[in-house]
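Single-structure report; data block below.
In this chain, numbering begins with 1 at the start of the sequence shown.
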Amino acid sequence: MNVHVSPSGFPALVLNADFRPLSYYPLSLWSWQDAIKAVFLERVNIVAEYERAVRSPSLEMKLPSVVSLKTFARFNVFLRDKFSCQYCGSREDLTFDHLVPRSRGGHTTWINVVAACSCCNLKKGNKTSEEAGMRPAQAPFQPSVQHLHRNGRLFPPNYLHESWLDYLYWDTVLDP
């Protein structure tokens, strides 16, 4: 549901279930319509709201400015891998690749999943990395929050609403 939205369109910042940004680049933003739909489908919790509200004959609701998923998503794999296919370096049409395919017992874990373009993912198919002769540029690992933040600074967003600042730690200096 990542979309390009303008500040005047009341976008909602999307956080993972642990209240970290779902992705840093592109910053995960949903249109206000998608955010409200997710609220009614009970997929997200509202964390912060705009002053602006929408109304129907029976309901008035402030527009969500920050929402958190009720279950985890793994988009930070792209951030860890700097939004590059780990096989060819492409930045286009990224997907996930399981080094040991799920059909062969592989799990969706930090150490078994890498960012891959659709072409490389299709080429590797249902083979292990060794069988396909396709080794990732970097071995997959579980990144620290600091690592994700450092990579996130490489891809800064161009619009930050004030209600988002508590959830984005871009070069934050803490008060003594």
Does Glu42 come within less than 4.0 Å of Lys70, counting only side-chain N to carboxylate O?
no

Under 4.5 Å side-chain heavy-atom separation, chaining through any Ile, Leu, Val, Met, Phe, Trp or Tyr, what else clusters with Leu122? Say none if it is isolated.
none

Connected-component partners of Phe141 among ILVMFWY, side-chain separation under 4.5 Å
none

How close do Arg80 and Val113 get, counting heavy atoms only, and between which atoms?
NH2-O, 2.6 Å

Answer yes or no: does atom CZ of Arg102 have more than 12 heavy-atom neighbours from other residues, nucleotides or ligands under 6.0 Å?
no

Only counting residues at least two apart or in another chain, list the ones meeting side-chain hydrogen bond (donor to acceptor under 3.5 Å, both in side chains) with [X].
X	answer
Ser103	Asn126
Asp93	Ser118
Gln142	none

Value rounded to 0.5 Å, distance of [atom1] in [X] from [atom2] in [Y]:
X	Y	atom1	atom2	answer
Leu63	Glu49	CG	CD	9.0 Å
Gln86	Cys117	CD	SG	11.0 Å
Lys124	Glu131	NZ	CD	8.5 Å

With sequence neighbours left out, which residue pairs that include part of residues 115-138 fulfil the ring-ring contact (aromatic ring centres under 6.0 Å, His included) condition?
none

Does a donor on one side chain and an acceptor on the other come within less than 3.5 Å for Tyr87 and Asp97?
yes

So, Arg91 side chain and Lys82 main chain: donor-acceptor pair closer than 3.5 Å or not?
yes

Once you measure the plane-to-plane angle for Phe83 and Phe78, does it fall in the parallel (<30°), tilted (30-60°) or perpendicular (>60°) bin?
tilted

With a 4.5 Å heavy-atom cut-off, do Val114 and Phe96 have their side chains touching?
no

